[in-house]
Amino acid sequence: MKTSNNTILITGGTSGIGLAFAEEFLKLGNKVIICGRRQERLNVLKIKHPDLITINCDIADTKQREELCSIVLNDYPDTNILMNNAGIQLAVDLTQPSNLEKIREEIEINLIAPIHLVSLFARHLAGKTDSALINISSGLAFAPISFMPVYCATKAAIHSLTMSLRHQLKNTSVKVFEIIPPSTDTELGHQRRADKTQSHGGIPLQEFLTDAMKAINDDVLEAPIGQSIGLRAKREELFHIMNP
Ligand SMILES: NC(=O)c1ccc[n+]([C@@H]2O[C@H](COP(=O)([O-])OP(=O)(O)OC[C@H]3O[C@@H](n4cnc5c(N)ncnc54)[C@H](OP(=O)(O)O)[C@@H]3O)[C@@H](O)[C@H]2O)c1
C-alpha cells in the first residue's frame, strides 16, 4: 500500500499507537483525520500539527459513529484508508459477578465500533482505486492473558472479522490489513491503574511503528509485530507460559 498521498481516518489518535501512526502518516505527506474523546488532547495536537484534522467522537456511541462517518465522507471525500485503532483494556474477574456496563463498553469500543465503521465506510473505500482498511488487533488475539478475558476475546474477534472482511472485499480495491501489535509502551489500560500516567510497559512505540509501517508498505496483510510473531505461531505453548 502506498504510504503517502492518502487521506486516512484513524480512530483513537489522541495517544499511543493511533497518535504514532497519525504523526508518521502526516510526515509522509498524507491527510490525516483522527478522532478521540479527550478534547484537550485534540486541541494540543491541532496546535502542534495544524494540518491534522481532529474530530471529537466517542466511538462507543452509535449516533456519534454515524456523525463521524458523515463528517468524513462529506468534508473529506478523498478518504481512502480507515484505521480501526481505538481500544480500551479492562481487567475483569469473571469468577465474580461483574460490572456488565463496563464489559459492554469494552466490547462496544473494541469490536462493535470497528464492525459498524467498516459497514459505513466499505462502499466508499471500494469506490477508490487505492484503498485500505487497517484493523489493529493484538498478539493477545492468539494467546490470551486470562486476567483480561473480554479484551482478549474482542481482539480474537477482530482477527476473525478481518479474515472475513478480506474475503468479502476480495473483488474490490480495498486491501484489508490486520496489524498485530505486541505489548507496546502506551497508555493502554490506564483506566485500571491507580497512577494513570504509568505505562503498562512493552516495546518503544517507535520500534512498533517502524515494523508496522514496513508491513503496510510491503502489503503484508496479516502482520504480527515483535513478540506477536511468536504468539501467533505458538499460541497453545505461550498461553501456558503467560498464564502459569
Ligand atoms: N499498547 C499495547 O500494548 C497494545 C498491544 C496490542 C494491541 N493494542 C491495540 O492498539 C490500539 C491502540 O491502543 P494504545 O496502546 O495506543 O492505547 P492508548 O494509548 O490508550 O490509546 C487508545 C486510543 O483509543 C482512543 N479511544 C478509546 N476509547 C475511545 C472511544 N470510546 N472513542 C474514541 N476513541 C477512543 C483513545 O482516545 P480518547 O481517550 O481521547 O478517547 C486513545 O486515542 C488498541 O486497539 C489496542 O487494543 C495495543
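Numbering of ligands and ligand atoms starts at 1, following listing order. None of these values were measured; they are calculated from a predicted model.
Under the 3.5 Å distance criterion, with hydrogens and angles disregarded, a donor-acceptor pair is assigned to the side chains of S146 and N243.
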Test side-chain contact (heavy atoms from CB on, under 4.5 Å) applied to I103 and L94, step by step: CA-CA 10 Å; I103 290 174; L94 293 175; 4.1 Å; yes
Any chance you could lay out the side-chain hydrogen bond (donor to acceptor under 3.5 Å, both in side chains) test for Q39 and N56, step after step, and finish with the verdict? CA-CA 6 Å; Q39 187 58 47; N56 191 311; 2.9 Å; yes
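Using a cut-off of 4.0 Å between Lys/Arg side-chain N and Asp/Glu carboxylate O, E23 and K27 are scored as not salt-bridged. Under a 4.0 Å N-O distance rule, the pair R41/E187 qualifies as a salt bridge.
The side chain to side chain contact (heavy atoms under 4.5 Å, CB included) test with L9 singles out one residue from L68, N80, I34, and that residue is L68.
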Hey, what polar pairs (N/O, under 3.5 Å) does ligand 1 make with protein?
{"from": "ligand 1", "atom 1": "1 (N)", "to": "T184", "atom 2": "O", "distance (Å)": "3.0"}
{"from": "ligand 1", "atom 1": "1 (N)", "to": "T186", "atom 2": "OG1", "distance (Å)": "3.0"}
{"from": "ligand 1", "atom 1": "1 (N)", "to": "H200", "atom 2": "NE2", "distance (Å)": "3.4"}
{"from": "ligand 1", "atom 1": "3 (O)", "to": "T184", "atom 2": "N", "distance (Å)": "2.7"}
{"from": "ligand 1", "atom 1": "3 (O)", "to": "T184", "atom 2": "O", "distance (Å)": "3.3"}
{"from": "ligand 1", "atom 1": "3 (O)", "to": "H200", "atom 2": "NE2", "distance (Å)": "3.3"}
{"from": "ligand 1", "atom 1": "15 (O)", "to": "T186", "atom 2": "OG1", "distance (Å)": "2.5"}
{"from": "ligand 1", "atom 1": "16 (O)", "to": "I17", "atom 2": "N", "distance (Å)": "2.7"}
{"from": "ligand 1", "atom 1": "19 (O)", "to": "S15", "atom 2": "OG", "distance (Å)": "3.0"}
{"from": "ligand 1", "atom 1": "19 (O)", "to": "E187", "atom 2": "N", "distance (Å)": "3.2"}
{"from": "ligand 1", "atom 1": "20 (O)", "to": "L188", "atom 2": "N", "distance (Å)": "3.3"}
{"from": "ligand 1", "atom 1": "21 (O)", "to": "S15", "atom 2": "OG", "distance (Å)": "3.2"}
{"from": "ligand 1", "atom 1": "28 (N)", "to": "R37", "atom 2": "NH2", "distance (Å)": "3.1"}
{"from": "ligand 1", "atom 1": "31 (N)", "to": "D58", "atom 2": "OD1", "distance (Å)": "2.7"}
{"from": "ligand 1", "atom 1": "32 (N)", "to": "I59", "atom 2": "N", "distance (Å)": "2.9"}
{"from": "ligand 1", "atom 1": "37 (O)", "to": "T14", "atom 2": "OG1", "distance (Å)": "2.8"}
{"from": "ligand 1", "atom 1": "39 (O)", "to": "R37", "atom 2": "NH2", "distance (Å)": "3.1"}
{"from": "ligand 1", "atom 1": "39 (O)", "to": "R38", "atom 2": "NE", "distance (Å)": "3.0"}
{"from": "ligand 1", "atom 1": "39 (O)", "to": "R38", "atom 2": "NH2", "distance (Å)": "3.3"}
{"from": "ligand 1", "atom 1": "40 (O)", "to": "T14", "atom 2": "OG1", "distance (Å)": "2.8"}
{"from": "ligand 1", "atom 1": "40 (O)", "to": "R37", "atom 2": "N", "distance (Å)": "3.2"}
{"from": "ligand 1", "atom 1": "40 (O)", "to": "R38", "atom 2": "N", "distance (Å)": "3.1"}
{"from": "ligand 1", "atom 1": "40 (O)", "to": "R38", "atom 2": "NE", "distance (Å)": "2.9"}
{"from": "ligand 1", "atom 1": "41 (O)", "to": "R37", "atom 2": "N", "distance (Å)": "2.7"}
{"from": "ligand 1", "atom 1": "41 (O)", "to": "R37", "atom 2": "NE", "distance (Å)": "2.6"}
{"from": "ligand 1", "atom 1": "41 (O)", "to": "R37", "atom 2": "NH2", "distance (Å)": "3.4"}
{"from": "ligand 1", "atom 1": "43 (O)", "to": "G12", "atom 2": "O", "distance (Å)": "3.3"}
{"from": "ligand 1", "atom 1": "43 (O)", "to": "T14", "atom 2": "N", "distance (Å)": "3.1"}
{"from": "ligand 1", "atom 1": "43 (O)", "to": "T14", "atom 2": "OG1", "distance (Å)": "2.7"}
{"from": "ligand 1", "atom 1": "43 (O)", "to": "S15", "atom 2": "N", "distance (Å)": "3.4"}
{"from": "ligand 1", "atom 1": "45 (O)", "to": "N85", "atom 2": "O", "distance (Å)": "2.7"}
{"from": "ligand 1", "atom 1": "45 (O)", "to": "K155", "atom 2": "NZ", "distance (Å)": "2.9"}
{"from": "ligand 1", "atom 1": "47 (O)", "to": "Y151", "atom 2": "OH", "distance (Å)": "2.6"}
{"from": "ligand 1", "atom 1": "47 (O)", "to": "K155", "atom 2": "NZ", "distance (Å)": "3.0"}

